[in-house]
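The structure appears right after this line, and notes come after that.
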There are 2 protein chains.
Amino acid sequence: MNTTIYDVAREAGVSMATVSRVVNGNPNVKPATRKKVLDAIEGLGYRPNAVARGLASKKTTTVGVIIPDISSIFFAELARGIEDIATMYKYNIILCNSDQNKEKEIHLINTMLEKQVDGILFMGGEITEEHAETFKRSPVPIVLAATLDADKEMPSVNINYHQAAFDAVSDLINAGVKRVGMVTGPLEDPVNGYQKFSGYKKACEEKGQGFDENLVAVGDYTYHSGLEGAQKLVGLDDSPTAIFAATDEMALGVIHGLQDIGLKVPEDVQVIGFDNTRLAQMVRPTLTTVVQPMYDIGAVSMRLLTKYMNKEDVEDEVVALPHLMEYRDSTTF
Amino acid sequence: MNTTIYDVAREAGVSMATVSRVVNGNPNVKPATRKKVLDAIEGLGYRPNAVARGLASKKTTTVGVIIPDISSIFFAELARGIEDIATMYKYNIILCNSDQNKEKEIHLINTMLEKQVDGILFMGGEITEEHAETFKRSPVPIVLAATLDADKEMPSVNINYHQAAFDAVSDLINAGVKRVGMVTGPLEDPVNGYQKFSGYKKACEEKGQGFDENLVAVGDYTYHSGLEGAQKLVGLDDSPTAIFAATDEMALGVIHGLQDIGLKVPEDVQVIGFDNTRLAQMVRPTLTTVVQPMYDIGAVSMRLLTKYMNKEDVEDEVVALPHLMEYRDSTTF
DNA sequence: TTGAAAGCGCTAACAG
DNA sequence: CTGTTAGCGCTTTCAA
């Protein structure tokens, strides 16, 4: 049997309430008493049982984190930001991979709710009606990180993907590129698909080159799909002299796809990526990319969640972090 | 107030014990009764409280995972293997980053024990005496993943790092390379430092080139340190014509460090990495590397932990998974 | 096949 | 400043 608060009380010659008070740092304890209790705790090697505490207090100091895939370099960085801030506020994290599978996501939320988490941080792709229903029914706060909610009625932390993509493509066109191609994520994905694509499209339309759907290759976030996308695009009659990729990993694929068939980056074709993961510096030429502050998105969303959990006032429910460009050697400007 | 097992019992006209039985799939319930209960659960939207269950049953179906840094591509892959198997066995994961800091590691173990996890999966660097003490005192099983325990008295899952490094360097020497250099991790690190280094050293000594400490650069796992290491090594009078790096990330740094000063890989200098992370294919030339099955190490260690938690018999407490070489374009053989 | 009742270890009024 | 007393929601004997 493990030693309990009751054992400590007996050992120290006080009531369990007093032990509870010193364990929880309640100031209403005479120093001498506190010392007796502390000594007893030390002597018995007492370790409070967080489960019992959770049952009695209805707080577990644990938050659920639903993430598409922790082995993705992008989400792993986000997770690190989340965990750091959680630790700072004394929360632990229950981490689950969803593979962006709707049934799994809903199931995971329910599992976490059973475990009585104090809040949930959700990262995913599309927020369907069913997601919205589930979120609404949740007895604890839920915050979205790097995940768009069409109705903007959920608390969330993002950057403006549409604008960021628009900016990146505009840079290219302003620098004199006549035809810019794109390797996008699946268009059903609101972030890496639709938003970034629409930013690209808008820049094409407004800046003169016009939109040509042949210049768009749809990838699946992988390096390999970037590689294939590049080869498809440069195989065109009127092939692009710059390619914008929706993620850094695909951008690396694009660069190597280009190089593998003898094209030079950036001389023949310029390349811009998105995210500024560590990959961007691990390639030659180094990658010009849109900086998405992944760690910060994780950190800020966790901070936001703590505010909800503490019932603090929050002024901005929907926060958009700034993005910017990191110019490296895969572009000529 | 949330609905409890008691509400369901009243609604279904049975006792809470019966509700508990159907919730837990106990077969000793008449089908008709079961149906009544299930209907009541459905109607009330009842969701069992895992915290209360944990307190009563002394099982939380949660395991603690201590990892140096989830944003590392290597550990993220490992974590994915862990989580997948945990999910398969209906466990959830509490994930914490330790940054390989001893105090943090010990502290985290205690936090997890307070939370009454059913087991702990530990990834770290050095296992000190203090670690061993803490592990020994744990009331729940602990398994090490990709982490060496000098005394081999803890259950663990690894590959044979020494042998793997020896094999890689031997390949180079057998292929005619006269001088092989190495970029190692910190030598205090038993895995990425000492074991791999000693494998390298042994191959040098046994295969003829002899060991020359000038040929060794100590990195810190980062891409950047690989880059610097390479430049240091090729600056030598009698510079190496092949470099073995203790991790893929450092190997990418080595390749680019070489290329940045005009050397060709593999014509001028061959390069071999370690781990076979996804990075190995995201570089030109693609990287020849030692395959360490990260996902599998995670999966197998979690499986091993489930056996301990279920008090099943385990035949192999210390498991060594096989390693092999993946030959790509950064070597000439 | 079902119910009654005793905890699991702790928090949180409430009293004194 | 300290102790008493109810629970928190569930599992688990033990009887019936």
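In what follows, chains carry the letters A, B, and so on, assigned in the order in which the sequence lines appear, proteins first and then strands, with residues in each chain numbered from 1. Bear in mind the structure is a predicted one, so any value in this text is a computation, not a measurement.
A donor-acceptor pair under 3.5 Å is formed between the side chain of D118(A) and the backbone N or O of T60(A). Judged by distance alone, the side chain of S301(B) and the main-chain N or O of V157(B) form no donor-acceptor pair under 3.5 Å. With hydrogens and angles ignored, the 3.5 Å screen pairs a side-chain donor or acceptor of D189(A) with a backbone N or O of N192(A). Between the D151(B) side chain and the E153(B) main chain, no donor and acceptor come within less than 3.5 Å of each other.
The phosphate of dT2(D) (OP1 or OP2) has no side-chain N or O of T18(A) nearer than 4.0 angstrom. Distances shorter than 4.0 Å separate none of the side-chain N or O atoms of Y6(A) from OP1 or OP2 on dT11(C).
Remark: S138(B) engages no residue in a side-chain hydrogen bond (donor to acceptor under 3.5 Å, both in side chains) (not counting sequence neighbours). By the ring-ring contact (aromatic ring centres under 6.0 Å, His included) test, F135(A) is found to be paired with F122(A), residues two or more places apart in sequence or in another chain being considered.
When rounded to the nearest whole Å, the span between NZ of K58(A) and P of dA13(C) equals 13 Å. We find that CG of N49(B) is positioned 17 Å from P of dC10(C), with the value rounded to whole Å. What separates NZ of K59(A) from C1' of dA12(C) is a distance of 14 Å, to the nearest Å. The nearest whole Å value for the distance from the CG atom in L55(B) to the P atom in dG7(D) is 17 Å. In this structure, CZ of R47(B) is placed 16 Å from C1' of dC10(D), rounded to the nearest angstrom. One atom, CD of Q116(A), and another, P of dG9(D), lie 9 Å apart when rounded to the nearest Å. Following rounding to the nearest Å, E114(B) (CD) and dC10(C) (P) show an atom-to-atom distance of 10 Å.
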Using side-chain hydrogen bond (donor to acceptor under 3.5 Å, both in side chains), reason through E11(A) and Y46(A) one step at a time and then give a plain yes or no.
CA-CA 11 Å; E11(A) 178 78 9; Y46(A) 167 72; over 6 Å; no
Would you be so kind as to tabulate the donor-acceptor pairs closer than 3.5 Å made by side chains of residues 293-300 of chain A, with sequence neighbours excluded?
residue : atom : partner : partner atom : Å
Y295(A) : OH   : D84(A)  : OD2          : 2.5

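Comparing the axis of the opening five pairs of the helix from dT1(C)-dA16(D) to dG16(C)-dC1(D) with that of the closing five pairs yields an angle of 30°, rounded to 10°.
When all heavy atoms of D316(B) and L304(B) are compared, the pair lying nearest together is O-CD1, 4.0 Å.
The residue V14(A) sits close only to the backbone: its heavy atoms come under 4.0 Å of sugar-phosphate atoms, none of a base.
Residues from residues 22-35 of chain A that place a heavy atom under 4.0 Å from any atom of DNA chain C, listed by number: N24(A).
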All N/O pairs under 3.5 Å across the protein-nucleotides 12-16 of chain D interface:
none

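Among D99(A), L95(A), L121(A), L108(A), the single residue meeting the side-chain contact (heavy atoms from CB on, under 4.5 Å) criterion with I67(A) is L95(A). Exactly one of K102(B), E126(B), E105(B), K136(B) qualifies for a side chain to side chain donor-acceptor pair (under 3.5 Å) with H131(B). That residue is E105(B).
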